[in-house]
K.L.:
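What follows is a structure written as structure tokens; I'll ask about it next.
None of the values given here were measured: they were computed from a predicted structure.
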Amino acid sequence: MADPYQLLGVARGASDADIKKAYRKLAKELHPDRNKDNPKATERFSRVTNAYDLLSDKDKRARFDRGEIDGDGNPAGFGFRQGPTPNNSGFSPGSGGFDTGDGADFTDIFEGLFGGRKAGGGFSGGFGRRAPQPKGANRAYRLAVPFADAASLTPQRITLADGKTIDLKLPPGLESGAQMRLAGKGDPGPGGPGDAIVTLDIAPHRFFTRDGDDVRLDLPISLAEAVLGASVRVPTVSGAVMLTVPPGSTSGKVLRLKARGFHGKAGSRGDQLVTLMVDLPAGDDALVEFVKGWPGREHGNPRGKFEN
């Protein structure tokens, strides 16, 4: 018969809080889940649990202090045991928890020690912990995003397997193949529903192309617009705008429209790069005659850089 005060390492006049603190420390150190290959630790764990059971019960503690019961809770001077548990240890291996009879409630002790598990259900099959319930399966979706919508981050509507619709807010820096996770929108399961995984594909455009966060466009202009200059209407991912073509522009000249591209991850937005393409009319006899008589047609060599 061990003295319960000695087992917990506290003085006889220790407060309830001191006794609880001492038991928490020992229980954390000796618990069977942490000492699966150490039977001595398991045995000592049972003894300190029994000691805490006695000292945390005000009536039992007072009877022990008066010498009416021993450290096992049995009447002093008799050879029989008292209490509902056969091993009188305070721990019932096959019950899936702690059986304290009319003694202490260990719930708050073990919630604090083992991540919030309830004392009556957090440990099963002896000392094993209950496995978490599995979630339902994830659901996979693919969504084609129009090019202009991807550049301007226009919300996209998707219909899920259950018939419900959700408006997706597109993230900056969007690329084809990016995935968005919708928590709890998958299949149901005992541990809660799975997630919906949406893979986004940016659809190609019939005249826009992407270059990083910039958008490129080849813009045809007439000979007159190229020679004389003009203000022309240009499509962008956010709607048409007017663009000034400088006089004397040639094919391949690039003009920049600020902040008309894709939204970048850093919060900035790319530009639209417009490449001018001079469109010469076919079969224009007047133009042919003009060029034949043009004095400057022999001046300069536009391919001179290739001859060095």
K.L.:
Mark yes or no for whether Asp70, through its side chain, and Asp72, through its backbone, hold a donor-acceptor pair below 3.5 Å.
P.N.:
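Side chain of Asp70 to backbone of Asp72, a donor-acceptor pair under 3.5 Å: yes, one is there.
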K.L.:
Answer with yes or no whether the hydrophobic clustering places Phe290 together with Val278; edges join I, L, V, M, F, W, Y residues whose side-chain heavy atoms lie under 4.5 Å apart.
P.N.:
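Both belong to a single hydrophobic cluster.
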K.L.:
Below 30° counts as parallel, above 60° as perpendicular, anything between as tilted: where do the rings of His205 and Phe207 land?
P.N.:
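Rings of His205 and Phe207: perpendicular, as their planes differ by over 60°.
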K.L.:
Under a single-linkage definition using a 4.5 Å side-chain heavy-atom cutoff for Ile, Leu, Val, Met, Phe, Trp and Tyr, are Leu280 and Val227 assigned to the same hydrophobic cluster?
P.N.:
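Leu280 clusters together with Val227.
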K.L.:
For Asn138 and Asp195, indicate whether the former's side chain and the latter's backbone hold a donor-acceptor pair under 3.5 Å.
P.N.:
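Side chain of Asn138 to backbone of Asp195, a donor-acceptor pair under 3.5 Å: yes, one is there.
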K.L.:
Can you measure from CG (Leu182) to CG (Leu168) and round to the nearest 0.5 angstrom?
P.N.:
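One finds 5.5 Å between CG of Leu182 and CG of Leu168.
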K.L.:
Are the side chain of Arg216 and the backbone of Leu273 linked by a donor-acceptor contact shorter than 3.5 Å?
P.N.:
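Not confirmed, Arg216 side chain does not pair with Leu273 backbone.
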K.L.:
Rounded at 0.5 Å granularity, tell me how far CZ in Phe262 sits from CD1 in Ile202.
P.N.:
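Spacing of CZ (Phe262) from CD1 (Ile202) equals 5.0 Å.
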K.L.:
Flag the pair Glu43 and Arg47 as a salt bridge only when some basic side-chain nitrogen lies within less than 4.0 angstrom of an acidic carboxylate oxygen.
P.N.:
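Salt bridge: yes.
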K.L.:
Do Leu287 and Leu228 share a hydrophobic cluster, counting only Ile, Leu, Val, Met, Phe, Trp and Tyr and linking them when any side-chain heavy atoms are less than 4.5 Å apart?
P.N.:
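Leu287 and Leu228: one cluster.
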K.L.:
Looking at CG of Asp214 and OG1 of Thr209, how far apart are the two atoms once the value is rounded to the nearest 0.5 Å?
P.N.:
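So the gap between those two atoms works out to 10.0 Å.
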K.L.:
Which heavy atom in Pro172 sits nearest to a heavy atom in Gly264, and how many Å separate them?
P.N.:
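Heavy atoms of Pro172 and Gly264 come nearest at CB-O, 3.3 Å.
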K.L.:
Donor-acceptor pair, distance only, cut-off 3.5 Å: does the side chain of Asp279 make one with the backbone of Ser222?
P.N.:
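Side chain of Asp279 to backbone of Ser222, a donor-acceptor pair under 3.5 Å: no, none is there.
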K.L.:
Could you check whether any side-chain heavy atom of Phe45 comes within less than 4.5 Å of a side-chain heavy atom of Glu29, counting everything from C-beta outward?
P.N.:
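Phe45 vs Glu29: side chains apart.
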K.L.:
Do you know the tightest heavy-atom contact between Asp201 and Gly177?
P.N.:
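Here Asp201 and Gly177 meet closest at OD1-N, 4.0 Å.
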K.L.:
Kindly assign one of parallel, tilted or perpendicular to the pair Phe147 and Phe208, based on the angle between their ring planes and the thresholds 30° and 60°.
P.N.:
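Answer is parallel, since the angle falls under 30°.
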K.L.:
If two hydrophobic side chains count as joined below 4.5 Å and joins carry through other members, does Trp294 share a cluster with Leu223?
P.N.:
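The answer is yes; both residues are in one hydrophobic cluster.
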K.L.:
List in chain and number order the residues that pass side-chain hydrogen bond (donor to acceptor under 3.5 Å, both in side chains) with Asp284, two or more places apart in sequence or in another chain; answer none if no residue qualifies.
P.N.:
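Asp284 satisfies side-chain hydrogen bond (donor to acceptor under 3.5 Å, both in side chains) with no residue once adjacent residues are dropped.
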K.L.:
Between Lys265 and Glu175, does any side-chain N to carboxylate O distance fall below 4.0 Å?
P.N.:
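A salt bridge is absent here (no side-chain N lies under 4.0 Å from a carboxylate O).
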K.L.:
Please assess Thr159 against Tyr141 for the test side chain to side chain contact (heavy atoms under 4.5 Å, CB included), listing each intermediate value before the final yes or no.
P.N.:
CA-CA 9 Å; Thr159 302; Tyr141 299 87; over 6 Å; no
K.L.:
Where do Ala151 and His263 come nearest, in terms of heavy atoms and distance?
P.N.:
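Smallest heavy-atom distance, with atoms named: O-CD2, 2.9 Å.
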K.L.:
Side chains of Val241 and Arg260: does their closest heavy-atom pair fall under 4.5 Å?
P.N.:
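Sidechains of Arg260 and Val241: in contact.
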K.L.:
Got a donor-acceptor contact below 3.5 angstrom from the Arg139 side chain to the Lys185 backbone?
P.N.:
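Looks like no, no N/O pair under 3.5 Å.
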K.L.:
Is any side-chain N of the basic residue among Arg63 and Asp57 closer than 4.0 Å to the acidic one's carboxylate O?
P.N.:
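Here Arg63 does not pair with Asp57 in a salt bridge, since their nearest N and O are not under 4.0 Å apart.
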K.L.:
What's the verdict on side-chain hydrogen bond (donor to acceptor under 3.5 Å, both in side chains) for Thr154 and Ser152, showing C-alpha distance, side-chain angles and the deciding distance?
P.N.:
CA-CA 6 Å; Thr154 303; Ser152 57; 3.1 Å; yes
K.L.:
Give, for atom CZ of Arg44 and atom CG of Asn35, the distance between the pair rounded to the nearest 0.5 Å.
P.N.:
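The CG atom of Asn35 is 10.5 Å from CZ of Arg44, to the nearest 0.5 Å.
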K.L.:
Is Leu255 close to Leu219 at the side-chain level, that is, under 4.5 Å between some pair of heavy atoms?
P.N.:
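Counting from C-beta outward, Leu219 and Leu255 never come under 4.5 Å.
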K.L.:
Between Leu143 and Met180, does the side chain to side chain contact (heavy atoms under 4.5 Å, CB included) criterion hold? Intermediate values first, please.
P.N.:
CA-CA 10 Å; Leu143 179 65; Met180 297 182 68; over 6 Å; no
K.L.:
Search all heavy atoms of Pro146 against all heavy atoms of Ala203 and return the closest pair with its distance.
P.N.:
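Minimum heavy-atom contact is CA-CB, 4.4 Å.
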K.L.:
So do the side chains of Leu54 and Ile69 get within less than 4.5 Å of each other, counting heavy atoms only?
P.N.:
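Side-chain contact under 4.5 Å: yes.
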K.L.:
Report the C-alpha distance between Lys253 and Val245 in whole Å, list the side-chain angles of each, state the deciding distance to 0.1 Å, and finish with yes or no for side chain to side chain contact (heavy atoms under 4.5 Å, CB included).
P.N.:
CA-CA 10 Å; Lys253 184 178 182 64; Val245 177; over 6 Å; no
K.L.:
Check this for me: Arg303, atom CZ, are more than 12 non-hydrogen atoms of other residues, nucleotides or ligands nearer than 6.0 Å?
P.N.:
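It does not: Arg303 CZ has 12 such atoms or fewer within range.
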K.L.:
Taking atom CZ of Arg157 and atom CD1 of Ile166, what is their separation to the nearest 0.5 Å?
P.N.:
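It comes to 10.5 Å.
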K.L.:
Does anything in residues 54-73 pair up under ring-ring contact (aromatic ring centres under 6.0 Å, His included), and if so which pairs, sequence neighbours excluded?
P.N.:
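Residue pairs with at least one partner in residues 54-73: there are none.
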K.L.:
Hey, is the main chain of Pro220 close enough, under 3.5 Å, to the side chain of Glu225 for a donor-acceptor pair?
P.N.:
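No, Glu225 side chain to Pro220 backbone: no donor-acceptor pair under 3.5 Å.
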K.L.:
Out of curiosity, Gln272 CD to Arg256 CZ, how far, rounded to the nearest 0.5 Å?
P.N.:
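Answer rounded to 0.5 Å: 11.0 Å.
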K.L.:
For the hydrophobic clusters of this structure (ILVMFWY residues joined by side-chain heavy atoms under 4.5 Å, transitively), does one cluster hold both Leu276 and Val234?
P.N.:
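Shared cluster, yes.
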K.L.:
Using every non-hydrogen atom in the two residues, find where Arg12 and Asp65 come nearest and quote the distance to one decimal.
P.N.:
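Minimum heavy-atom contact is NH1-OD1, 3.4 Å.
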K.L.:
Begin from the C-alpha positions of Leu257 and Leu217 and carry the test side chain to side chain contact (heavy atoms under 4.5 Å, CB included) through to its verdict.
P.N.:
CA-CA 11 Å; Leu257 293 172; Leu217 170 70; over 6 Å; no
K.L.:
Looking at every non-hydrogen atom in both residues, tell me the closest pair between Leu170 and Leu200 and how far apart they are.
P.N.:
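Answer, listing the atom of Leu170 first, then Leu200: CD2-CD1, 4.0 Å.
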K.L.:
Checking side-chain polar atoms at under 3.5 Å, does Tyr5 have a donor or acceptor matched by the opposite partner on Arg61?
P.N.:
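Side chains of Tyr5 and Arg61: pair found under 3.5 Å.
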